[in-house]
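Heads up: the structure comes next, in structure tokens.
Lettering follows sequence order; numbering is per chain, from 1. Being a predicted model, the structure only gives us computed values, none of them experimental.
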Amino acid sequence: MKKGDHLFLVDGSAYIFRAYHALPPLTRKSDGLPIGAVSGFCNMLWKLLRNARDTEMGITPTHFAVIFDYSSKTFRNDLYDEYKANRSAPPDDLVPQFGLIREATRAFDVACIEQEGFEADDIIATYCRLACEAGGDTTVISSDKDLMQLVGPTVGMYDPMKDKEIGVDEVIEKFGVPPEKMIDLQALTGDSIDNVPGVPGIGPKTAAQLLEEFGDLDTLLAKADTIKQKKRRENLIEHADNARLSRELVTLRDDVDLELPLDALTLDELDGPKLIGFLKAMQFTSLTRRVAEQTEADAASIEAAEVPVEWEEARGPDLDPGEGPSKDDVLPGSSADGMTPQAFAESRAAEIRDIAFDHEKYETVGNIQHLREWIAEARERGHVAFDTETDSLDPMQATLCGFSLAVEPGRACYVPLCHREGEGDLLGASSLSDGQIPEKEALDALRDLLADPACLKIGQNIKFDMLVTARYGLPLVNFDDTMLISYVIEAGRTAGNQGGHGMDPLADRWLGHKPIPYKEVCGSGKSAITFDRVPIDKATHYAAEDADITLRLWLAMKPRLVAEGVVSVYERLERPLVPVIAKMEEAGVSIDRQILSRLSGEFGQQAAGIEAEIYEMAGESFNIGSPKQLGDILFGRMGLPGGSKTKTGQWSTSARVLEDLAAEGHPLPRRIVDWRQLTKLKSTYTDALPGYIHPETRRVHTSYQMAATTTGRLSSSEPNLQNIPIRTSEGRKIRTAFIAEPGNVLISADYSQIELRILAHIADIPQLRQAFADGIDIHAMTASEMFGVPVEGMPSEVRRRAKAINFGIIYGISAFGLANQLSIERGEAGEYIKRYFERFPGIRDYMDSTKAFAREHGYVETLFGRRAYYPDIRSSNHSVRAFNERAAINAPIQGSAADIIRRAMIRMDGVLEEAKLDAKMLLQVHDELIFELPKDQADAAIPLIQEVMENAAMPAVDMAVPLQVDAQAASNWDEAH
DNA sequence: GGATACAATTA
DNA sequence: CTAATTGTATCCA
């Protein structure tokens, strides 16, 4: 190696894990071999090497190697035997990919390096040092912070997934310290993934600040006693040794005795046919094609290589028979001929991922002719991505600032409508910016596009855009929603990261692209501006990018619906519900301010009285709302026996614990429970709800999230109208404030025991089926089966226990949970469960087979084919696994019920309309629908609503158990329910 | 101001 | 023991 040479070092092991989690899971079409990470790896290597051969741009490596960890045990374990002890075994579908990635490296004719006893990072550090000494430059292909300590004048890093170079400045930007201080920073923060201890309570921000102040770790530890913050000071002093140990653990060794010298890493000419053989074996069609083009090899004449792989499973995809793609699922430019849907979806996703973003190419549309051209092109093509920009996240309040369109990847525009400039605080002082089409003219043109049934509008969370455009008098027909497509294909796969199905995480996962952050355009906090204040050129970059991303996501994801056999879930349970829910949100519900205000006063007074009693009993005043202070009083000063502890080691003051104390004769805990209940009712409901009354409609418009839960349920927020109190008489009063307009009534229609009925159907339990067919009290029946007590004259306590068990079954019962619920010993709860399974062995069979299915496939299905993914069900951690098993048992039951009410909601409008009823569906509360309609139509509507709901599973599923719906009309929600 | 913990509410 | 959202307290930047 000599001056001017450039060494590329790929951190192979880190890449594998990152690619596995970040990229959509791919499988080889012929046998289901998982190859997602391999695919990402090959695409990355190809990109790096292709750039390498293009001397016009980028850096040209002369030396190249991929480095892997050899085994998990290294010299660091001798320093600290807990090192990396938190690492769980790699997922089953990643294991075969380790070998494949090494094969891929060889197919690319690149050095593949691993050495026993050392981590890839140490080998990388050593090569870096050698290259530097020889006068060459190095680029480390990784984004691992552990490697950032190597960055310097001749060493850079490159994050292949974010296409981002990391130099000295980037390290400082990200961590607030220069690379040479990264070791000290990591020593302080530790690393929970690698189980490096660090100092508790110190995160990257604090660490950077401390190092800035003290210079380095040793100085810091020596002067730790001068630190002001108490906790921080104590932790630094107490854990100083851990910090020193951590420093040793995170310091990379650059003196590894290398098996392969630096000069052996020279980059050879690519062997096209060899690489193509491998890619063909993996069935990477689009990369094969590109490599063939580049190397001028004849791909057709090259046979797929034999690639050794340890993989026993050979399962095909589970396509629902007879459920083909519908007409509008035939995608533009489709080259699916001769390909399986799976292979097509894969190659499409890979194709889309490779198209670069260029914000400069987006157009701003400032005259009507230009807009008409865009709309004509969209209608010509038959599909267009559409996104509105507004000044509010609330679609019922939002003012339209502009909209964007995208017709093909990279080709997108923004149409500003009412951007303003100048001071806004004085009336009329701001003025409309130049270069905007008059709003009415632009909207009239847009109407032709949105109302055109022959042109598919593609949105991300299109319910929002639908509500906004509806308020401007524009109907939106024929649409797709990328958020819902994502929800159908990977509910639960993506839990954790924000939103899961929001634009940012989707763009990251499917396109490897980070959109312009909203904060960068509009600022945040106090200095935030509304979108109409954003300069138009800046707005175009942001808004057109959103439409561009939406279009790309649609292109990349939609074929997956077919590939995974879930088209009907999307087309029958998700998409048609969008306009239904939009209408419900738009309708809103009427709330009586006066009732709430009166209740607020009552609750406030009662709470104040109880507060005084509490201080009296406690002998001092304190903040009752602080669990910490309350715990100190109850279990410290007053010396009451503590029950359980919370996960942070505090004494629990949950209602459960307090009620147990009350039962032992202590008067104070009871009052605490009462106080909490009243303050909850006041703050969350009677005080907060009036604030949600819309200034113009005078009604409350909740927002339903269609892609928020793993099971298929909706959720409601701002305000949440799915948790309005009902259990206690005090809470119930709040429901009287939900009223019908004068002359109208509310109808509440709810499914009776729908989840138990679904369980009886799915698990096929004869006694349960019979009981539901006969209309018997199901909990009493369970009690009599289990305890041999006749239903007649059964003590209520016996029935209560049976009821808790029935619920427990639906929740994937555990002795711990049941014991907690019933305040009994775990052993006794275990006995109950045992006895239950003896009487209903079919339930145990259902649970076992559901668990087995989930473990094998990674997901479970509802009666209607909706999937809920539980990737952690294979966790080696017992409690994580058990939790996922319970969730997997519950999901088909809860999810099937959710699917049934969705079907009812989708059909409801048409049925009511046909019957000439002016009923409006207002709310959904999981198993209940609320309608508002003229008083004199209630008698006609009730049986119709019941019929639609009771038959909602038909004809897709013919339930072995009848569904029963109870419905009543009244002037408020309390009486209707 | 943002993140986290805990407790409340619902089906 | 399943699935959610919201409000208050608390800690830290």
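- As judged by a 4.0 angstrom heavy-atom cut-off over every strand, A:I810 is placed among residues making no nucleic acid contact.
- Atom pair A:R826:CZ and C:dC1:C1' shows a separation of 12 Å (rounding to whole Å applied).
- Within the 4.0 angstrom heavy-atom criterion, no nucleotide atom of any strand lies near A:A898.
- Both stacking criteria are satisfied for A:Y811 over the base of C:dT2: a centre-to-centre distance under 5.5 angstrom and an angle between ring planes under 30 degrees.
- Regarding contacts with the backbone of C:dT6, every side-chain N or O of A:Q722 stays at 4.0 angstrom or more from both OP1 and OP2.
- A donor-acceptor pair under 3.5 Å is absent between the side-chain atoms of A:R866 and the main chain of A:E861, judged by distance alone.
- Regarding A:Q894, its CD atom lies at a distance of 7 Å from the P atom of C:dA4, rounded to whole Å.
- The side chain of A:R676 places an N or O atom within less than 4.0 Å of a non-bridging phosphate oxygen (OP1 or OP2) of B:dA8.
- Comparing C:dA3, C:dT6, C:dG7 by their nearest atom to the side chain of A:A887 picks out C:dA3.
- Following rounding to the nearest Å, A:Q650 (CD) and C:dT10 (P) show an atom-to-atom distance of 10 Å.
- Within the structure, every side-chain polar atom (N or O) of A:T709 is placed at least 4.0 Å from both OP1 and OP2 of C:dA3.
- Residues A:E828 and A:R801 are paired through a salt bridge, judged by an N-O separation under 4.0 Å between the basic side chain and the carboxylate.
- A:H926 has its NE2 atom 12 Å from the P atom of B:dT10, to the nearest Å.
- A salt bridge links A:E797 to A:R800: at least one charged side-chain nitrogen sits closer than 4.0 Å to a carboxylate oxygen.
- Residue contacts for A:G808: at a heavy-atom cut-off of 4.0 Å it reaches a base atom on one of the strands shown.
- Within 4.0 Å of A:S524, counting heavy atoms only, lies no atom of the nucleic acid at all.
- Judged by atom type and distance alone, A:K628 does not reach the base of C:dT10 through any side-chain donor-acceptor pair under 3.5 Å.
- Heavy atoms of A:R886 sit under 4.0 angstrom from primed sugar atoms or phosphate atoms, though from no base atom.
- When heavy atoms are screened at a 4.0 angstrom cut-off, A:A655 is found touching the sugar-phosphate backbone but no base atom.
- Residues A:L210 and A:V177 are not in side-chain contact: their nearest non-hydrogen atoms beyond the backbone lie 4.5 Å or more apart.
- With salt bridges taken as basic N to acidic carboxylate O contacts below 4.0 Å, none links A:E490 and A:R867.
- Atom CD in A:Q677 sits about 17 Å away from atom C1' in C:dT8, given to the nearest Å.
- Spacing between atom CZ of A:R656 and atom C1' of B:dA8 amounts to 15 Å, rounded to whole angstrom units.
- Under the 4.0 Å criterion applied to side-chain N and carboxylate O atoms, A:R713 and A:E755 are assigned as salt-bridge partners.
- Residue contacts shown for A:N723 include a base, since a base heavy atom lies under 4.0 Å away.
- Defined by atom type and a distance below 3.5 Å, a donor-acceptor pair is missing between the side-chain atoms of A:T862 and A:S896.
- Looking at heavy-atom distances under 4.0 Å, A:K526 makes no contact with the nucleic acid at all.
- OP1 or OP2 of C:dA9 lies within a sub-4.0 Å distance of a side-chain N or O belonging to A:N623.
- In this structure, A:T648 does not reach the B:dA5 phosphate: none of its side-chain N or O atoms is under 4.0 Å from OP1 or OP2.
- Between A:K682 and the phosphate of C:dG7, there is no side-chain N or O to OP1/OP2 separation shorter than 4.0 Å.
- Here the C1' atom of nucleotide B:dT10 and the OH atom of A:Y704 are 12 Å apart, to the nearest Å.
- For A:P725, the side-chain atoms get nearest to B:dT10 when compared with the rest of B:dC6, B:dT10, B:dA11.
- Atom-to-atom, CH2 of A:W675 to P of B:dT9 comes out at 13 Å; the value is rounded to the nearest Å.
- In this model, the phosphate group of B:dA7 is not approached by any side-chain N or O of A:T684 to a distance below 4.0 Å at OP1 or OP2.
- With C:dC1, C:dA4, C:dT8 as the choices, the nucleotide that has an atom nearest any side-chain atom of A:Q821 turns out to be C:dC1.
- Using a 4.0 Å heavy-atom distance criterion, A:T679 is classed as making no nucleic acid contact.
- Residue-level contact check: A:A688 touches the backbone only, with heavy atoms under 4.0 Å from sugar-phosphate atoms and none from bases.
- Residue A:I724 is in sugar-phosphate contact alone, with no base atom involved, counting any heavy-atom pair closer than 4.0 Å across all strands shown.
- Nucleic acid contact class of A:Y685 (heavy atoms, under 4.0 Å, all strands): sugar-phosphate only.
- Taking only side-chain nitrogens and oxygens, A:R727 comes nearer than 4.0 Å to OP1 or OP2 of B:dT10.
- A:L714 comes within 4.0 angstrom of nothing in the nucleic acid, heavy atoms only.
- For A:N890, counting side-chain heavy atoms from C-beta on, the closest listed nucleotide (B:dT10, C:dT2, B:dA7) is C:dT2.
- Put simply, the side chain of A:K463 never gets that close to the backbone of A:S703: no donor and acceptor are under 3.5 Å apart.
- Residue contacts for A:S814: at a heavy-atom cut-off of 4.0 Å it reaches a base atom on one of the strands shown.
- Dashed line: the shortest gap from a side-chain N or O of A:S626 to OP1 or OP2 of C:dT10 is under 4.0 Å.
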